[in-house]
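Take a look at the structure below.
Source: prediction; values computed, not measured. Remember, it's 1-based here, ligands and their atoms both numbered in the order they're listed.
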Amino acid sequence: MATRRSLEPSTLVLPALLLLLFYGAGNAYCSVVSGNTTDRRSLLDFKKAITKDPTGALRSWNDSINYCMWLGVNCSRTHPGRVTVLNLENLSLEGEITPSIGSLTFLKYLDLSNNSLQGNIPDALANCSRLTILDLSSNSLQWNIPGSLSNLGVNIMDFSNNNLTGNIPPTFSNMTQLLAISLAHNHLKGSIPEELGLLPNMVWVILRENRLSGRVPAKLFNLSYLLVLDVRQNMLSGTLPSDIGNLLPSLQVLYLGTNKFEGHIPDSLANASLLQRLDLSSNYF
Ligand SMILES: *[C@@H]1O[C@H](CO)[C@@H](O)[C@H](O)[C@H]1NC(C)=O
Ligand SMILES: *[C@@H]1O[C@H](CO)[C@@H](O)[C@H](O)[C@H]1NC(C)=O
Ligand SMILES: *[C@@H]1O[C@H](CO)[C@@H](O)[C@H](O)[C@H]1NC(C)=O
Ligand SMILES: *[C@@H]1O[C@H](CO)[C@@H](O)[C@H](O)[C@H]1NC(C)=O
Ligand SMILES: *[C@@H]1O[C@H](CO)[C@@H](O)[C@H](O)[C@H]1NC(C)=O
Ligand SMILES: *[C@@H]1O[C@H](CO)[C@@H](O)[C@H](O)[C@H]1NC(C)=O
Ligand SMILES: *[C@@H]1O[C@H](CO)[C@@H](O)[C@H](O)[C@H]1NC(C)=O
Ligand SMILES: *[C@@H]1O[C@H](CO)[C@@H](O)[C@H](O)[C@H]1NC(C)=O
Ligand SMILES: *[C@@H]1O[C@H](CO)[C@@H](O)[C@H](O)[C@H]1NC(C)=O
Ligand SMILES: *[C@@H]1O[C@H](CO)[C@@H](O)[C@H](O)[C@H]1NC(C)=O
(Lines give C-alpha, C1' and ligand atoms only; values in the text may rest on other atoms or scores of the structure.)
(Ligands and ions follow the chains in the order given, each with its own letter.)
Protein backbone atom coordinates (compact mmCIF):
# COMPACT_ATOMS: atom_id res chain seq x y z
CA MET A 1 0.00 0.00 0.00
CA ALA A 2 1.03 3.56 -0.56
CA THR A 3 1.14 4.42 3.10
CA ARG A 4 4.57 2.96 3.46
CA ARG A 5 5.72 4.97 0.47
CA SER A 6 4.39 8.33 1.52
CA LEU A 7 5.16 7.93 5.19
CA GLU A 8 8.80 7.70 4.28
CA PRO A 9 11.42 6.94 5.34
CA SER A 10 9.92 3.51 5.69
CA THR A 11 13.21 1.88 6.52
CA LEU A 12 13.14 3.60 9.87
CA VAL A 13 9.69 2.73 11.04
CA LEU A 14 7.65 -0.16 12.21
CA PRO A 15 6.86 -2.53 9.34
CA ALA A 16 5.92 -5.04 12.02
CA LEU A 17 3.15 -2.76 13.22
CA LEU A 18 1.67 -2.61 9.74
CA LEU A 19 1.85 -6.36 9.32
CA LEU A 20 0.01 -6.79 12.57
CA LEU A 21 -2.72 -4.43 11.40
CA PHE A 22 -3.06 -6.13 8.01
CA TYR A 23 -3.39 -9.48 9.61
CA GLY A 24 -6.45 -8.42 11.51
CA ALA A 25 -8.17 -7.57 8.22
CA GLY A 26 -9.12 -11.17 7.49
CA ASN A 27 -9.12 -12.85 4.14
CA ALA A 28 -11.81 -15.48 3.95
CA TYR A 29 -14.18 -15.86 1.07
CA CYS A 30 -17.78 -15.52 2.02
CA SER A 31 -20.16 -18.40 1.88
CA VAL A 32 -23.14 -16.45 0.52
CA VAL A 33 -22.90 -17.29 -3.15
CA SER A 34 -25.90 -15.50 -4.54
CA GLY A 35 -28.24 -12.73 -3.58
CA ASN A 36 -28.06 -8.98 -3.63
CA THR A 37 -26.61 -8.05 -0.33
CA THR A 38 -26.00 -4.47 0.67
CA ASP A 39 -22.27 -4.93 0.26
CA ARG A 40 -22.60 -6.26 -3.27
CA ARG A 41 -24.83 -3.36 -4.22
CA SER A 42 -22.47 -0.84 -2.76
CA LEU A 43 -19.51 -2.35 -4.64
CA LEU A 44 -21.54 -2.15 -7.86
CA ASP A 45 -22.37 1.48 -7.08
CA PHE A 46 -18.68 2.08 -6.60
CA LYS A 47 -17.95 0.48 -9.95
CA LYS A 48 -20.63 2.55 -11.66
CA ALA A 49 -18.84 5.73 -10.61
CA ILE A 50 -15.58 4.58 -12.19
CA THR A 51 -15.48 6.23 -15.60
CA LYS A 52 -12.20 4.72 -16.79
CA ASP A 53 -10.62 1.39 -15.97
CA PRO A 54 -7.71 1.16 -18.41
CA THR A 55 -6.34 -2.08 -17.00
CA GLY A 56 -9.74 -3.78 -16.95
CA ALA A 57 -9.31 -4.43 -13.26
CA LEU A 58 -13.02 -4.20 -12.52
CA ARG A 59 -14.00 -6.59 -15.32
CA SER A 60 -13.86 -9.35 -12.75
CA TRP A 61 -16.58 -7.49 -10.85
CA ASN A 62 -19.38 -9.42 -12.54
CA ASP A 63 -21.92 -12.03 -11.61
CA SER A 64 -19.87 -14.99 -12.80
CA ILE A 65 -18.17 -15.10 -9.42
CA ASN A 66 -19.10 -14.23 -5.89
CA TYR A 67 -18.33 -10.61 -5.12
CA CYS A 68 -16.09 -11.67 -2.25
CA MET A 69 -13.72 -12.94 -4.94
CA TRP A 70 -13.74 -9.80 -7.03
CA LEU A 71 -10.33 -8.23 -7.52
CA GLY A 72 -9.31 -6.26 -4.44
CA VAL A 73 -12.21 -7.49 -2.32
CA ASN A 74 -11.97 -9.69 0.77
CA CYS A 75 -14.82 -10.69 3.03
CA SER A 76 -15.11 -11.55 6.69
CA ARG A 77 -14.71 -15.11 7.89
CA THR A 78 -17.07 -14.63 10.77
CA HIS A 79 -19.66 -12.51 8.97
CA PRO A 80 -20.09 -14.14 5.56
CA GLY A 81 -20.70 -11.72 2.74
CA ARG A 82 -19.46 -8.70 4.64
CA VAL A 83 -16.60 -6.92 2.90
CA THR A 84 -13.59 -6.27 5.13
CA VAL A 85 -10.97 -5.30 2.56
CA LEU A 86 -11.14 -3.11 -0.54
CA ASN A 87 -7.72 -2.69 -2.06
CA LEU A 88 -7.60 -1.12 -5.51
CA GLU A 89 -4.23 0.61 -5.46
CA ASN A 90 -2.19 1.40 -8.59
CA LEU A 91 -4.99 0.65 -11.07
CA SER A 92 -5.28 4.03 -12.85
CA LEU A 93 -8.99 4.09 -12.09
CA GLU A 94 -10.77 7.34 -12.93
CA GLY A 95 -13.98 8.57 -11.41
CA GLU A 96 -15.27 9.44 -7.97
CA ILE A 97 -15.63 7.69 -4.66
CA THR A 98 -19.33 7.05 -4.17
CA PRO A 99 -20.94 7.67 -0.78
CA SER A 100 -22.34 4.14 -1.02
CA ILE A 101 -18.95 3.00 0.24
CA GLY A 102 -20.29 4.02 3.64
CA SER A 103 -22.56 0.96 3.52
CA LEU A 104 -19.53 -1.33 3.76
CA THR A 105 -19.79 -1.21 7.49
CA PHE A 106 -17.45 -4.15 8.09
CA LEU A 107 -14.65 -2.57 6.09
CA LYS A 108 -11.35 -2.60 7.97
CA TYR A 109 -8.93 -1.77 5.21
CA LEU A 110 -9.60 0.67 2.39
CA ASP A 111 -6.80 1.37 -0.05
CA LEU A 112 -7.66 3.35 -3.18
CA SER A 113 -4.23 4.93 -3.45
CA ASN A 114 -2.49 5.87 -6.67
CA ASN A 115 -5.47 6.18 -8.99
CA SER A 116 -7.08 9.20 -10.64
CA LEU A 117 -10.09 9.54 -8.38
CA GLN A 118 -11.56 13.03 -8.26
CA GLY A 119 -14.27 14.80 -6.33
CA ASN A 120 -14.49 14.87 -2.58
CA ILE A 121 -13.86 12.41 0.20
CA PRO A 122 -17.42 11.31 0.98
CA ASP A 123 -18.80 12.11 4.42
CA ALA A 124 -20.39 8.69 4.32
CA LEU A 125 -17.01 7.06 4.95
CA ALA A 126 -17.66 7.97 8.56
CA ASN A 127 -20.10 5.05 8.63
CA CYS A 128 -17.30 2.54 8.06
CA SER A 129 -16.75 2.47 11.76
CA ARG A 130 -14.41 -0.52 11.75
CA LEU A 131 -11.82 1.02 9.45
CA THR A 132 -8.29 0.72 10.75
CA ILE A 133 -6.40 1.64 7.58
CA LEU A 134 -7.66 4.37 5.27
CA ASP A 135 -5.41 5.13 2.33
CA LEU A 136 -6.67 7.51 -0.35
CA SER A 137 -3.23 8.88 -1.20
CA SER A 138 -2.07 9.86 -4.68
CA ASN A 139 -5.36 10.70 -6.33
CA SER A 140 -6.83 14.07 -7.29
CA LEU A 141 -9.29 14.40 -4.45
CA GLN A 142 -10.55 17.88 -3.81
CA TRP A 143 -12.41 20.00 -1.26
CA ASN A 144 -12.25 19.74 2.49
CA ILE A 145 -11.42 16.77 4.66
CA PRO A 146 -14.78 15.83 6.21
CA GLY A 147 -14.83 16.47 9.94
CA SER A 148 -17.16 13.50 10.30
CA LEU A 149 -14.19 11.18 9.77
CA SER A 150 -13.20 11.99 13.33
CA ASN A 151 -15.63 9.29 14.42
CA LEU A 152 -13.41 6.64 12.89
CA GLY A 153 -11.10 4.53 14.99
CA VAL A 154 -8.47 4.35 12.25
CA ASN A 155 -4.83 3.64 13.05
CA ILE A 156 -3.44 4.87 9.75
CA MET A 157 -4.86 7.66 7.63
CA ASP A 158 -3.10 8.65 4.43
CA PHE A 159 -4.57 11.41 2.26
CA SER A 160 -1.23 12.57 0.87
CA ASN A 161 -0.75 13.70 -2.74
CA ASN A 162 -4.22 15.00 -3.45
CA ASN A 163 -5.74 18.40 -4.04
CA LEU A 164 -7.41 18.78 -0.68
CA THR A 165 -8.12 22.30 0.54
CA GLY A 166 -9.39 23.91 3.72
CA ASN A 167 -8.19 23.32 7.25
CA ILE A 168 -7.18 20.20 9.13
CA PRO A 169 -10.36 19.41 11.08
CA PRO A 170 -9.81 20.04 14.81
CA THR A 171 -12.30 17.23 15.46
CA PHE A 172 -9.46 14.83 14.69
CA SER A 173 -8.67 14.94 18.40
CA ASN A 174 -11.41 12.33 18.69
CA MET A 175 -9.38 9.85 16.64
CA THR A 176 -7.69 8.43 19.66
CA GLN A 177 -6.58 5.27 17.82
CA LEU A 178 -4.59 7.26 15.28
CA LEU A 179 -0.95 6.20 15.04
CA ALA A 180 0.00 7.68 11.70
CA ILE A 181 -1.38 10.52 9.65
CA SER A 182 -0.14 11.86 6.35
CA LEU A 183 -1.75 14.85 4.70
CA ALA A 184 1.40 15.69 2.74
CA HIS A 185 1.33 17.48 -0.58
CA ASN A 186 -2.14 18.99 -0.62
CA HIS A 187 -3.34 22.60 -0.45
CA LEU A 188 -4.30 22.62 3.22
CA LYS A 189 -4.16 25.97 4.97
CA GLY A 190 -4.68 27.48 8.40
CA SER A 191 -2.87 26.34 11.47
CA ILE A 192 -2.10 22.87 12.74
CA PRO A 193 -4.91 22.31 15.22
CA GLU A 194 -3.89 22.20 18.86
CA GLU A 195 -6.04 19.08 19.08
CA LEU A 196 -3.62 17.05 16.96
CA GLY A 197 -1.30 17.15 19.95
CA LEU A 198 -3.93 15.40 22.05
CA LEU A 199 -3.45 12.04 20.36
CA PRO A 200 -0.98 10.41 22.71
CA ASN A 201 -0.18 7.34 20.59
CA MET A 202 0.82 9.21 17.47
CA VAL A 203 3.92 7.81 15.82
CA TRP A 204 4.02 9.57 12.45
CA VAL A 205 2.83 13.09 11.68
CA ILE A 206 3.46 14.04 8.06
CA LEU A 207 2.09 17.40 6.95
CA ARG A 208 4.76 18.53 4.50
CA GLU A 209 4.07 20.53 1.34
CA ASN A 210 0.91 22.35 2.29
CA ARG A 211 0.14 25.98 3.10
CA LEU A 212 -0.04 25.59 6.84
CA SER A 213 0.82 28.65 8.91
CA GLY A 214 1.07 29.76 12.52
CA ARG A 215 2.90 28.02 15.31
CA VAL A 216 3.24 24.29 15.74
CA PRO A 217 1.16 23.46 18.82
CA ALA A 218 3.45 22.88 21.81
CA LYS A 219 1.66 19.64 22.55
CA LEU A 220 2.79 18.20 19.23
CA PHE A 221 6.36 18.52 20.51
CA ASN A 222 5.37 16.51 23.54
CA LEU A 223 4.16 13.23 22.04
CA SER A 224 6.45 10.76 23.65
CA TYR A 225 6.05 8.01 21.01
CA LEU A 226 6.59 10.30 18.03
CA LEU A 227 9.10 8.84 15.56
CA VAL A 228 8.59 11.10 12.57
CA LEU A 229 7.54 14.72 12.40
CA ASP A 230 7.64 16.15 8.89
CA VAL A 231 6.22 19.62 8.29
CA ARG A 232 8.63 20.72 5.55
CA GLN A 233 7.54 23.32 2.99
CA ASN A 234 4.79 25.14 4.78
CA MET A 235 4.66 28.65 6.24
CA LEU A 236 4.96 27.66 9.87
CA SER A 237 6.51 30.11 12.31
CA GLY A 238 7.49 30.52 15.93
CA THR A 239 10.31 29.10 17.99
CA LEU A 240 11.09 25.54 19.00
CA PRO A 241 10.63 24.56 22.65
CA SER A 242 14.04 24.60 24.34
CA ASP A 243 13.44 21.11 25.77
CA ILE A 244 12.26 19.57 22.46
CA GLY A 245 14.94 16.89 22.55
CA ASN A 246 13.89 15.83 26.03
CA LEU A 247 10.17 15.82 25.24
CA LEU A 248 10.53 13.61 22.15
CA PRO A 249 12.73 10.73 23.29
CA SER A 250 11.68 8.40 20.42
CA LEU A 251 12.19 10.88 17.60
CA GLN A 252 14.02 9.52 14.54
CA VAL A 253 13.10 12.06 11.89
CA LEU A 254 12.55 15.78 12.35
CA TYR A 255 11.95 17.70 9.14
CA LEU A 256 11.16 21.37 9.67
CA GLY A 257 12.87 22.76 6.56
CA THR A 258 11.51 25.57 4.37
CA ASN A 259 9.27 27.31 6.86
CA LYS A 260 9.53 30.50 8.89
CA PHE A 261 10.76 29.11 12.19
CA GLU A 262 13.01 31.45 14.16
CA GLY A 263 15.04 31.67 17.37
CA HIS A 264 17.68 29.24 18.57
CA ILE A 265 18.22 25.64 17.57
CA PRO A 266 17.72 24.03 20.98
CA ASP A 267 20.73 22.33 22.60
CA SER A 268 18.40 19.64 23.88
CA LEU A 269 18.20 18.16 20.37
CA ALA A 270 21.46 16.47 21.29
CA ASN A 271 19.43 14.47 23.80
CA ALA A 272 17.17 12.99 21.13
CA SER A 273 19.59 10.12 20.83
CA LEU A 274 17.59 8.16 18.25
CA LEU A 275 17.43 11.06 15.82
CA GLN A 276 18.74 9.97 12.43
CA ARG A 277 17.49 12.65 10.07
CA LEU A 278 17.20 16.34 10.70
CA ASP A 279 16.25 19.12 8.30
CA LEU A 280 16.13 22.66 9.68
CA SER A 281 17.17 24.35 6.44
CA SER A 282 15.62 27.48 4.95
CA ASN A 283 14.21 28.98 8.13
CA TYR A 284 15.16 32.03 10.22
CA PHE A 285 17.02 30.23 12.99
C1 LIG B 1 -7.18 -10.67 0.75
O2 LIG B 1 -7.27 -12.03 0.39
C3 LIG B 1 -6.19 -12.50 -0.38
C4 LIG B 1 -6.50 -13.91 -0.82
O5 LIG B 1 -6.87 -14.68 0.26
C6 LIG B 1 -4.93 -12.42 0.47
O7 LIG B 1 -3.82 -12.83 -0.29
C8 LIG B 1 -4.72 -10.98 0.90
O9 LIG B 1 -3.63 -10.91 1.78
C10 LIG B 1 -5.95 -10.43 1.60
N11 LIG B 1 -5.74 -9.00 1.81
C12 LIG B 1 -5.75 -8.44 3.01
C13 LIG B 1 -5.43 -7.00 3.04
O14 LIG B 1 -6.00 -9.06 4.03
C1 LIG C 1 -29.37 -8.62 -8.29
O2 LIG C 1 -29.88 -7.39 -8.78
C3 LIG C 1 -29.64 -7.14 -10.14
C4 LIG C 1 -30.15 -5.77 -10.51
O5 LIG C 1 -30.08 -4.91 -9.44
C6 LIG C 1 -30.30 -8.23 -10.97
O7 LIG C 1 -29.99 -8.03 -12.33
C8 LIG C 1 -29.79 -9.59 -10.54
O9 LIG C 1 -30.47 -10.60 -11.22
C10 LIG C 1 -29.99 -9.78 -9.04
N11 LIG C 1 -29.33 -11.02 -8.63
C12 LIG C 1 -29.88 -11.85 -7.73
C13 LIG C 1 -29.12 -13.10 -7.47
O14 LIG C 1 -30.91 -11.59 -7.17
C1 LIG D 1 -16.28 -11.91 -15.32
O2 LIG D 1 -15.27 -12.21 -14.37
C3 LIG D 1 -14.56 -13.39 -14.69
C4 LIG D 1 -13.70 -13.75 -13.49
O5 LIG D 1 -12.78 -12.77 -13.21
C6 LIG D 1 -13.78 -13.17 -15.96
O7 LIG D 1 -13.05 -14.32 -16.30
C8 LIG D 1 -14.75 -12.82 -17.09
O9 LIG D 1 -14.04 -12.47 -18.24
C10 LIG D 1 -15.63 -11.66 -16.67
N11 LIG D 1 -16.69 -11.46 -17.65
C12 LIG D 1 -16.81 -10.36 -18.37
C13 LIG D 1 -17.98 -10.28 -19.28
O14 LIG D 1 -16.02 -9.44 -18.28
C1 LIG E 1 1.76 -0.29 -6.07
O2 LIG E 1 2.89 0.41 -6.51
C3 LIG E 1 3.91 0.51 -5.54
C4 LIG E 1 5.02 1.35 -6.09
O5 LIG E 1 5.37 0.96 -7.37
C6 LIG E 1 4.37 -0.88 -5.11
O7 LIG E 1 5.30 -0.76 -4.06
C8 LIG E 1 3.18 -1.68 -4.62
O9 LIG E 1 3.56 -2.99 -4.31
C10 LIG E 1 2.11 -1.70 -5.68
N11 LIG E 1 0.95 -2.41 -5.19
C12 LIG E 1 0.37 -3.38 -5.86
C13 LIG E 1 -0.82 -4.04 -5.21
O14 LIG E 1 0.77 -3.74 -6.95
C1 LIG F 1 1.23 3.97 -9.33
O2 LIG F 1 0.77 2.91 -10.14
C3 LIG F 1 1.53 2.71 -11.29
C4 LIG F 1 0.85 1.62 -12.09
O5 LIG F 1 -0.45 2.07 -12.40
C6 LIG F 1 2.94 2.32 -10.91
O7 LIG F 1 3.70 2.17 -12.08
C8 LIG F 1 3.53 3.41 -10.06
O9 LIG F 1 4.79 3.00 -9.59
C10 LIG F 1 2.65 3.69 -8.87
N11 LIG F 1 3.14 4.85 -8.18
C12 LIG F 1 3.22 4.90 -6.89
C13 LIG F 1 3.76 6.17 -6.31
O14 LIG F 1 2.89 3.98 -6.19
C1 LIG G 1 -24.69 6.55 8.03
O2 LIG G 1 -25.69 5.59 8.15
C3 LIG G 1 -26.89 6.10 8.65
C4 LIG G 1 -27.83 4.95 8.91
O5 LIG G 1 -27.68 3.98 7.94
C6 LIG G 1 -27.46 7.08 7.65
O7 LIG G 1 -28.68 7.60 8.11
C8 LIG G 1 -26.47 8.20 7.49
O9 LIG G 1 -26.91 9.08 6.50
C10 LIG G 1 -25.12 7.66 7.12
N11 LIG G 1 -24.19 8.73 7.23
C12 LIG G 1 -23.57 9.18 6.21
C13 LIG G 1 -22.60 10.30 6.49
O14 LIG G 1 -23.72 8.75 5.08
C1 LIG H 1 -4.85 20.16 -8.46
O2 LIG H 1 -4.44 21.43 -8.08
C3 LIG H 1 -3.53 22.05 -8.98
C4 LIG H 1 -3.09 23.37 -8.41
O5 LIG H 1 -4.14 24.04 -7.82
C6 LIG H 1 -4.19 22.21 -10.33
O7 LIG H 1 -3.28 22.74 -11.25
C8 LIG H 1 -4.64 20.84 -10.80
O9 LIG H 1 -5.33 20.97 -12.01
C10 LIG H 1 -5.54 20.21 -9.79
N11 LIG H 1 -5.85 18.88 -10.24
C12 LIG H 1 -7.08 18.44 -10.21
C13 LIG H 1 -7.27 17.06 -10.74
O14 LIG H 1 -7.99 19.08 -9.81
C1 LIG I 1 -16.01 13.17 20.08
O2 LIG I 1 -16.42 11.95 20.65
C3 LIG I 1 -17.35 12.11 21.68
C4 LIG I 1 -17.61 10.77 22.32
O5 LIG I 1 -17.63 9.75 21.40
C6 LIG I 1 -18.62 12.71 21.10
O7 LIG I 1 -19.58 12.89 22.10
C8 LIG I 1 -18.27 14.05 20.48
O9 LIG I 1 -19.41 14.58 19.84
C10 LIG I 1 -17.17 13.90 19.47
N11 LIG I 1 -16.75 15.21 19.06
C12 LIG I 1 -16.54 15.50 17.80
C13 LIG I 1 -16.12 16.91 17.55
O14 LIG I 1 -16.68 14.70 16.90
C1 LIG J 1 4.30 17.30 28.29
O2 LIG J 1 3.55 16.18 28.74
C3 LIG J 1 3.72 15.93 30.11
C4 LIG J 1 3.01 14.63 30.43
O5 LIG J 1 1.90 14.44 29.64
C6 LIG J 1 3.15 17.12 30.90
O7 LIG J 1 3.30 16.88 32.27
C8 LIG J 1 3.90 18.37 30.48
O9 LIG J 1 3.33 19.50 31.13
C10 LIG J 1 3.84 18.57 29.00
N11 LIG J 1 4.71 19.66 28.62
C12 LIG J 1 4.40 20.56 27.70
C13 LIG J 1 5.42 21.58 27.39
O14 LIG J 1 3.33 20.53 27.12
C1 LIG K 1 19.94 16.20 28.37
O2 LIG K 1 19.51 15.15 29.22
C3 LIG K 1 20.18 15.14 30.47
C4 LIG K 1 19.75 13.90 31.21
O5 LIG K 1 18.35 13.76 31.23
C6 LIG K 1 19.83 16.41 31.24
O7 LIG K 1 20.50 16.43 32.46
C8 LIG K 1 20.26 17.60 30.39
O9 LIG K 1 19.85 18.80 31.03
C10 LIG K 1 19.66 17.54 29.01
N11 LIG K 1 20.23 18.59 28.19
C12 LIG K 1 19.51 19.56 27.66
C13 LIG K 1 20.25 20.57 26.86
O14 LIG K 1 18.29 19.64 27.80
Joint hydrophobic cluster, L43 plus F106, side-chain heavy atoms closer than 4.5 Å =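 Shared cluster, no.
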
Using the side-chain contact (heavy atoms from CB on, under 4.5 Å) rule, pick out the option among L112, N162, L136 that qualifies with L117.
->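 It is L112; the other options fail the test.
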
Per-atom contacts of ligand 5 with S92, taking only distances under 4.0 Å to non-hydrogen atoms =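 Counting atoms of ligand 5 from 1, those under 4.0 Å from S92 are 5 (O).
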
Atom indices of ligand 3, in the order listed, that fall short of 4.0 Å to a heavy atom of N62 |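 The list of qualifying atoms is 1 (C), 2 (O), 3 (C), 8 (C), 10 (C), 11 (N), 12 (C), 14 (O).
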
Ionic contact status for R40 with D45, cut-off 4.0 Å = no

If you count the non-hydrogen atoms of other residues, nucleotides and ligands that lie under 6.0 Å from CG in N201, is the total more than 12?
-> yes

For ligand 10, the residues whose heavy atoms come within less than 4.0 Å (ordered by chain, then number) =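 Residue list for ligand 10: N246, D267, S268, N271.
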
How does S64 reach ligand 3, if at all, at less than 4.0 Å between non-hydrogen atoms: by side chain, backbone, both, or neither?
-> side chain

Ring-face cation of R232 near Y255 (centre distance under 6.0 Å, axis angle within 45°) = yes

Take the angle between the ring planes of F46 and W61 and call it parallel below 30°, perpendicular above 60°, tilted in between.
->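 Geometry flag for W61 against F46: tilted rings.
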
Can you list the steps and then say if L188 with I168 is a side-chain contact (heavy atoms from CB on, under 4.5 Å)?
-> CA-CA 7 Å; L188 299 170; I168 301 174; 4.2 Å; yes

